[in-house]
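These numbers come from the heavy atoms of this one structure, side chains and all, not from hydrogens, waters or symmetry mates. Lettering of chains follows the sequences in order, A, B, ..., and the numbering in each one begins at 1.
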Amino acid sequence: MKRPRGTRDFLPGEMRKRRWAESVLRDTAERWGYGEVATPTFEEEELFVRRSGEAIVEELYSFEDKGGRRLALRPEFTAPVMRLFSQEMSRSAKPVKIYYFGNAFRYERPQSGRYREFWQFGTEIIGADTPEAAAESVALASTLVRKVGVEDAVLRVGHVGILRGMVSALGLSPGEEREVFRAVDKGDLETMERLCGGTDAGDVLVGLVGRDKMSMEDWRDIGGGLLDEKTVSYFSYLEDVLSLLPALGVRSWKLDPGIARGLDYYTGVVFEIDAPRLGAEKQVCGGGEYELGSLFGTSQVRGVGFALGFDRLLLASAVPEGVVQHGILDVFIAYIGEKGRLAAFEMATTLRENGYRVDIDLLGRNISKALKYASSRGARYVAILGEREVERGVATLRDMQSGEQREISLSSDELKNVLDMPR
RNA sequence: GCCGGGGUGGUGUAGCCUGGUAGCAUCAGGGACUGUGGAUCCCUUAGCCCGAGCUCAAACCUCGGCCCCGGCCCCA
């Protein structure tokens with residue numbers, strides 16, 4: 001029996017890291033005023049098709065249930081969360097700020113940082129179309145990535161409204177425009193050159209996407225002349241968003257005119273975060289401003305949000321030593337003889353009731369082996385209970401780091417604090 | 001779907017080219033040590049990804065499949 005392709009088992013050490021990262025994400029989102037939501041692991045297939053088009057059926061884990069319904073394991077959370085919003089929260093006070101964490105499934109070729117079952121964390125601010133909301137979303141994403149220990153993250157910010165304005169200034173057919181968008185998103189300069197090089201607008205676009213460093217002024221100067229009034233107004237909007245970032249704790253970002261984010265429903269500011277050390281699958285976050293009332297028949301609903309690739313985040317993260325090292329056991333109890341055994345189990349119960357993490361010998365090992373086992377488990381203390389101790393109502397407590405030993409009383413009052421360690 | 005590199009006890013590896021007894025390390029369990037850990041020694045459990053072919057004989061050669069790793073495509 002093997003694990004299905006593209007899935008993983010997680011052992012205790014790995015789970016400790018994952019739970020740590022998860023709690024960092026959760027706690028931070030709560031602190032920023034977001035409430036958690038959860039949606040079903042599977043939905044009607046139609047929900048995902050409507051959001052993303054027929055093409056995604058290829059990548060869905062879909063099936064028919066016994067009632068003949070077409071269902072699919074969720075490949076992402078945006079559509080389910082929007083469904084939840086429009087069905088359950090559309091009359092809630094605006095803006096609605098929610099976050100989610102869970103597993104999602106895509107039938108794809110696994111590779112580094114890409115699995116068939118993966119985890120995502122994300123947030124949405126729904127019912128807000130202001131620079132303030134956009135800035136908060138960008139800043140929260142950036143903060144989260146940093147807080148889980150990704151040191152070298154690069155935040156890139158762009159605006160699809162400006163990009164669309166530039167592409168439509170090229171005067172291409174809709175089909176050609178699609179191709180250009182795709183090339184822009186990939187940073188494929190050769191294809192761009194082929195599609196729209198030679199014209200003024202085309203050269204400008206190629207120049208912008210190819211640029212490594214750029215200021216807002218450059219962007220305006222280079223691209224602004226060719227654009228209509230509405231598109232030009234996006235520059236000030238974007239500037240406004242960016243001006244709020246430092247106050248929200250964001251130290252640095254790169255302007256990237258070429259972020260297209262694939263989907264049609266993005267309307268304004270868009271952003272991505274990369275962890276360069278991850279190689280081909282380096283994007284750990286993507287998000288932006290969107291409009292998707294049309295999908296669910298709601299009247300115009302605008303919002304801004306992002307999704308974090310939890311597994312990639314962990315690959316890129318330097319999880320603090322303490323998280324990994326922090327042993328899972330405060331005390332291991334070893335005993336000798338029938339009397340020792342009873343006293344040992346009683347001691348374990350008392351210590352556990354007082355909040356300590358306690359394990360006890362279950363294999364009837366001798367002291368030597370029990371100590372070795374406790375050591376390999378990373379226990380801080382070993383309590384030894386033999387005839388000698390039980391007769392006098394004490395246990396021998398051995399500090400596994402220093403090797404020092406002392407006797408402690410077995411009375412429950414004494415046991416409460418005798419280990420003088422944080423619980 | 002495409003290209004490349006791989007799959008040998010639980011883990012890490014040698015053996016493969018040049019077919020013929022699968023070796024080492026580590027971990028785990030037990031013992032030497034009658035109540036004090038990571039040492040030493042001994043013992044034990046346990047392996048050639050799956051299938052077909054060539055051959056007297058396949059971990060080894062050939063073909064197909066599965067899975068892993070890196071990349072392409074895709075990335076809602």
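Distance noted for atom P between B:G9 and B:A14: 12 Å (whole Å). Distance noted for atom C1' between B:C60 and B:C48: 10 Å (whole Å). Annotation: B:G30 and B:C49 have their C1' atoms spaced 32 Å apart (nearest Å). Rounded to whole Å, the C1' atom of B:A25 lies 14 Å from the corresponding atom of B:U8. Spacing between B:C27 and B:C42 at atom P, rounded to whole Å, works out to 15 Å. B:A28 and B:U11: their P atoms are spaced 15 Å apart (whole Å). Between B:G38 and B:U26, the distance separating the two C1' atoms is 14 Å to the nearest Å. Comparing the P positions of B:C24 and B:G15 gives a spacing of 15 Å, expressed to the nearest Å.
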Stepwise side chain to side chain contact (heavy atoms under 4.5 Å, CB included) test for A:Y335 and A:D361:
CA-CA 8 Å; A:Y335 54 84; A:D361 174 48; 3.9 Å; yes
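The pair A:D65-A:R70 fails the salt-bridge criterion, with no side-chain N (NZ, NE, NH1 or NH2) lying under 4.0 Å from an Asp/Glu carboxylate O. A:E179 has no carboxylate O lying under 4.0 Å from a charged side-chain N of A:R182, or vice versa, which leaves the two without a salt bridge. Contact check on A:R106 versus A:E117 returns no salt bridge, with no Lys/Arg side-chain nitrogen under 4.0 Å from an Asp/Glu carboxylate oxygen. Salt bridge annotation for A:R261-A:D185: absent, with no cationic side-chain nitrogen under 4.0 angstrom from a carboxylate oxygen. A salt bridge is defined here as a Lys NZ or Arg NE, NH1 or NH2 lying under 4.0 Å from an Asp or Glu carboxylate O, and A:E289 with A:R302 fails to meet this definition.
Among B:G37, B:U36, B:C75, the nucleotide with an atom closest to any side-chain atom of A:R106 is B:C75. Comparing B:G30, B:C67, B:G35 by their nearest atom to the side chain of A:T396 picks out B:G35. Nearest to the side-chain atoms of A:P75 among the listed nucleotides B:G30, B:A76, B:C73 stands B:A76.
Across all strands shown, the partner of B:U13 is B:G23, judged by Watson-Crick or G-U wobble contacts whose two distances both fall under 3.5 Å. When both distances must be under 3.5 Å, the Watson-Crick or G-U wobble mate of B:G4 is B:C69. Pairing partner, B:U44: B:A28, with both Watson-Crick or wobble hydrogen-bond distances short of 3.5 Å. Applying the Watson-Crick and G-U wobble criteria (two distances, each under 3.5 Å), B:G64 pairs with B:C50.
Atom CZ in A:R109 sits roughly 10 Å away from atom C1' in B:C3 (whole-Å rounding). When rounded to the nearest whole Å, the span between CD of A:E407 and C1' of B:G35 equals 13 Å. Atom CG of A:L60 and atom P of B:C74 are 18 Å apart (whole Å). If you take CD of A:Q283 and C1' of B:C74, they are 13 Å apart, rounded to a whole angstrom. A:R398 places its CZ atom 16 Å from the P atom of B:G35, with the value rounded to the nearest Å. Look at CZ on A:R312: it is 13 Å from P on B:C75, rounded to the nearest Å. For the pair A:R261 CZ and B:C75 P, the interatomic distance rounds to 11 Å; values are reported in whole Å. Taking atom CD1 of residue A:I333 and atom C1' of nucleotide B:G37, one finds them 17 Å apart after rounding to whole Å.
Of the listed residues (A:Q405, A:E389, A:R406), just one forms a side chain to side chain donor-acceptor pair (under 3.5 Å) with A:T396, and that residue is A:E389.
A:E387 comes within 4.0 angstrom of a nucleotide base, judged by non-hydrogen atoms across all strands. Within the 4.0 angstrom heavy-atom criterion, no nucleotide atom of any strand lies near A:G309. Note on A:R8: nothing from the nucleic acid sits closer than 4.0 angstrom, heavy atoms only. Within the 4.0 angstrom heavy-atom criterion, no nucleotide atom of any strand lies near A:E272. At the heavy-atom level, A:R3 lies nowhere under 4.0 Å from the strands shown.
Place A:S112 and A:R182 on RNA chain B by their nearest nucleotides, and A:S112 ends up nearer the 5' end. Closest-nucleotide positions on RNA chain B for A:I336 and A:L363 were compared, and the one nearer the 5' end corresponds to A:L363.
Residue A:R365 has a polar side-chain atom (N or O) positioned under 4.0 Å from OP1 or OP2 of B:G30. In terms of phosphate contacts, A:K186 brings a side-chain nitrogen or oxygen within less than 4.0 Å of OP1 or OP2 of B:C74.
Between the side chain of A:S375 and the base of B:G38 there is at least one donor-acceptor pair of N/O atoms closer than 3.5 Å. Taking only distance into account, the side chain of A:E281 never meets the base of B:G70 through a donor-acceptor pair shorter than 3.5 Å.
Atom CZ of A:R341 has 12 or fewer neighbouring heavy atoms from other residues, nucleotides or ligands inside a 6.0 Å radius.
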